[in-house]
Amino acid sequence: RLSRSLPASRCFAQKSTLLWLSWKRAQAMSNISKLIEELCPNGVEYRTLDEASRSISAGGDMPNGCVKGQLEPSDICPYPVYSNGKTGNDLYGFAPTYKFEGPAVTISARGTIGFHAVRYGKFTPIVRLITVIPDESVVGAKFLNYILDLQIFSKTHGGIPQMTVPAIKKIRIALPP
């Protein structure tokens with residue numbers, strides 16, 4: 001007979017992790033509430049990322065002519081190509097063309113889910129790297145990146161955990177006056 005329950009130690013570790021994450025989120029939201037109360041006595045406006053952005057899209061295939069592992073721009077391939085990762089750069093290589101011109105915020109949607117970084121200049125995201133081009137009249141890229149630090153990202157359930165563009169578009173952010 002197969003047991004379908006988790007070992008007690010594993011179950012305890014998961015519950016402990018969930019409690020800690022819930023506490024951290026509550027602490028962050030409490031800090032945000034205090035800051036809003038102190039610095040914005042008339043309140044703040046909440047918008048979804050979709051409402052505060054010019055575009056939100058997922059990366060795709062590697063561009064033609066991309067040189068994987070190239071660490072510096074060259075005359076032939078001057079534009080960086082970024083992929084999902086967990087460091088500030090996540091540089092995959094360089095290509096002769098680009099898809100976006102920053103400022104933008106990229107969000108890892110597979111692997112290290114939720115890792116985000118501000119990108120400047122011309123670049124191409126690949127695989128499931130989501131690119132948010134903020135509407136600069138509403139929110140700047142640096143502020144958006146900071147607000148995303150406070151976000152706990154949820155992912156789809158299934159074989160390979162990932163985030164989707166529709167889920168990213170629904171994230172609500174506080175915008176001070």
Side-chain angles (χ1 to χ4, degrees), residues 6-7 9-32 46-63 66 68-69 71 79-95 98-121 123-135 138-175:
L6 290 172
S9 62
R10 193 170 179 197
C11 189
F12 177 76
Q14 289 179 359
K15 285 180 181 177
S16 296
T17 301
L18 285 173
L19 285 172
W20 183 81
L21 287 172
S22 295
W23 177 78
K24 288 300 280 182
R25 181 181 177 107
Q27 187 179 29
M29 294 312 288
S30 174
N31 289 341
I32 290 171
Y46 287 88
R47 289 196 188 183
T48 64
L49 274 183
D50 193 36
E51 295 168 333
S53 304
R54 289 186 318 167
S55 73
I56 301 175
S57 62
D61 295 333
M62 183 172 45
C66 178
K68 180 181 177 181
L71 299 176
Y79 306 111
V81 175
Y82 298 109
S83 64
N84 294 297
K86 55 185 168 186
T87 64
N89 199 2
D90 308 315
L91 182 65
Y92 184 84
F94 282 82
Y98 63 92
K99 187 173 179 182
F100 293 106
E101 186 166 358
V105 176
T106 57
I107 306 169
S108 183
R110 205 176 257 175
T112 308
I113 294 175
F115 178 81
H116 50 91
V118 177
R119 308 289 182 188
Y120 296 100
F123 69 96
T124 297
I126 59 171
V127 193
R128 295 289 306 157
L129 186 63
I130 294 174
T131 301
V132 179
I133 306 290
D135 179 344
V138 176
V139 64
K142 282 185 179 180
F143 184 78
L144 176 58
N145 194 58
Y146 171 75
I147 288 295
L148 292 175
D149 280 340
L150 304 173
Q151 179 70 35
I152 294 176
F153 291 93
S154 59
K155 53 193 173 202
T156 61
H157 301 288
I160 300 173
Q162 65 179 347
M163 286 191 323
T164 63
V165 169
I168 293 289
K169 287 181 175 184
K170 292 177 186 175
I171 292 173
R172 291 177 51 82
I173 58 172
L175 300 170

Does Asp61 CG have over 12 foreign heavy atoms under 6.0 Å away?
no
Minimum heavy-atom distance [X]-[Y], with the two atoms named:
X	Y	result
Ser83	Ile126	CB-CG1, 3.9 Å
Ile130	Met163	CD1-O, 4.3 Å
Tyr46	Ala174	CE2-CB, 3.5 Å
Val139	Ala52	CG1-O, 3.6 Å
Asn84	Ala109	OD1-N, 3.1 Å
Gly93	Leu91	O-CD1, 3.3 Å

Filter on salt bridge (charged side-chain N to carboxylate O under 4.0 Å, His left out), then keep only pairs touching residues 46-55, sequence neighbours left out; what's left?
Glu45-Arg47
I'd like to know if the side chain of Ser108 reaches the main chain of Arg110, judged simply by a donor and an acceptor atom lying under 3.5 Å from each other, with no hydrogens or angles considered.
yes
Run the side chain to side chain contact (heavy atoms under 4.5 Å, CB included) check on Asp90 and Phe115 step by step: do they pass?
CA-CA 10 Å; Asp90 308 315; Phe115 178 81; 3.5 Å; yes
So, taking the atom named [atom1] in [X] and the one named [atom2] in [Y], what distance separates them when rounded to the nearest 0.5 Å?
X	Y	atom1	atom2	answer
Lys170	Thr164	NZ	OG1	7.5 Å
Thr124	Tyr92	OG1	OH	12.5 Å
Ile171	Ser53	CD1	OG	10.0 Å

Side chains of His116 and Asn145: closer than 4.5 Å at any heavy-atom pair?
yes
Taking the side chain as everything from C-beta on, heavy atoms only, tell me whether Leu49 gets closer than 4.5 Å to Leu144.
yes
Show me the donor-acceptor pairs, under 3.5 Å and distance only, between side chains in residues 99-107 and residues at least two apart or in other chains.
{"residue": "Thr106", "atom": "OG1", "partner": "Arg119", "partner atom": "NE", "Å": "3.0"}
{"residue": "Thr106", "atom": "OG1", "partner": "Arg119", "partner atom": "NH2", "Å": "3.4"}

